[in-house]
Amino acid sequence: MALDETSRQRVWQIVAAIPAGKVASYGQVAELAELPRQARAVGRMMSQLPKGTKLPWHRVINAQGRISFPIDSDGYNRQRERLEAEGVEFTGERINLKIYRWDGCIS
DNA sequence: AATTTGACCAGTA
DNA sequence: CTACTGGCCAAAT
């Protein structure tokens, strides 16, 4: 069974709830959306988002604290710029998850 | 139709 | 730090 409509809506809702200046991993989003071990499905959804989406897709990164695009690629630069504009700092290629990881609490 | 790829991840060595 | 394993599964080859 793959992702039904309600599952996708939950994913979108989770991503939309990530506050500016914080990040969440694909796996974390999947888990919060009650889709354990479906990290890839979340990544797939991000890749399929419409161009002008209002979803803060840039706040979703991989579990290593890195952007899941090849360094210096178009997508990498776009995502990194948005994150830094929100105050997320990089140490080299990495984000310190101890500081910037979203705790996952929904207000 | 079969195989590989991909905005992934955690465990182990 | 790298390398490999198994989980995951739709989409692209």
Side-chain angles (χ1 to χ4, degrees):
Chain A
M1 255 319 258
L3 299 180
D4 56 21
E5 197 53 37
T6 49
S7 299
R8 281 189 285 184
Q9 285 187 17
R10 280 203 305 276
V11 170
W12 288 323
Q13 183 182 334
I14 299 293
V15 174
I18 306 171
K22 290 282 178 182
V23 297
S25 73
Y26 298 92
Q28 183 186 355
V29 170
E31 190 162 342
L32 289 169
E34 301 172 60
L35 294 168
R37 293 178 291 290
Q38 299 285 357
R40 294 196 94 122
V42 173
R44 191 162 55 250
M45 286 181 60
M46 294 300 101
S47 75
Q48 293 167 354
L49 286 175
K51 187 178 175 182
T53 181
K54 292 162 200 72
L55 234 64
W57 55 270
H58 56 282
R59 298 181 191 141
V60 185
I61 63 176
N62 68 32
Q64 284 68 54
R66 299 164 135 299
I67 288 173
S68 291
F69 279 117
I71 296 171
D72 273 351
S73 66
D74 207 60
Y76 181 93
N77 295 328
R78 240 184 12 256
Q79 185 166 8
R80 178 159 180 162
E81 217 174 277
R82 278 172 173 257
L83 287 171
E84 290 183 324
E86 293 180 347
V88 177
E89 292 186 304
F90 284 70
T91 307
E93 305 295 340
R94 283 216 221 128
I95 291 168
N96 186 337
L97 297 178
K98 296 290 179 223
I99 299 172
Y100 296 107
R101 183 181 150 107
W102 176 40
D103 55 29
C105 290
I106 322 256
S107 55

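By convention in this document, chain letters (A, B, ...) are assigned in the order of the sequence lines, proteins followed by strands, and residues within each chain are numbered from 1. Reckoned from all heavy atoms, side chains included, excluding hydrogens, waters and symmetry mates.
- Applying the side-chain contact (heavy atoms from CB on, under 4.5 Å) test to A/N77 and every residue at least two apart in sequence or in another chain returns A/D72.
- Nucleic acid contact class of A/A41 (heavy atoms, under 4.0 Å, all strands): none.
- For the C1' atoms, the distance from B/dA7 to C/dA3 is 23 Å, rounded to whole Å.
- Near DNA chain B, meaning a heavy atom under 4.0 Å away, there are no residues from residues 95-103 of chain A.
- Each of A/V29, A/V23, A/I18 was checked for a side-chain contact (heavy atoms from CB on, under 4.5 Å) with A/W102, and the lone residue meeting it is A/I18.
- Contact annotation: A/Q38 reaches the phosphate of C/dC9 (side-chain N/O to OP1 or OP2, under 4.0 Å).
- Between the P atom of C/dT2 and the CD atom of A/Q64 lies a distance of 11 Å, rounded to the nearest Å.
- Under the side-chain contact (heavy atoms from CB on, under 4.5 Å) criterion, A/L49 pairs with A/W12, A/M46, A/T53, A/L55, A/W57, sequence neighbours left out.
- Within the 4.0 Å cut-off from OP1 or OP2 of B/dC9, at least one side-chain nitrogen or oxygen of A/S25 is found.
- Of the residues in residues 43-56 of chain A, A/G43, A/R44, A/M46, A/S47 come within less than 4.0 Å of DNA chain B through at least one heavy atom, sorted by number.
- For the contact set between residues 9-24 of chain A and DNA chain B, defined by any heavy atom under 4.0 Å, there are no members.
- On a pure distance criterion of 3.5 Å, no polar donor-acceptor pair joins the side chain of A/R37 and the base of C/dG7.
- Less than 4.0 Å separates DNA chain B from no heavy atom of any residue of residues 71-88 of chain A.
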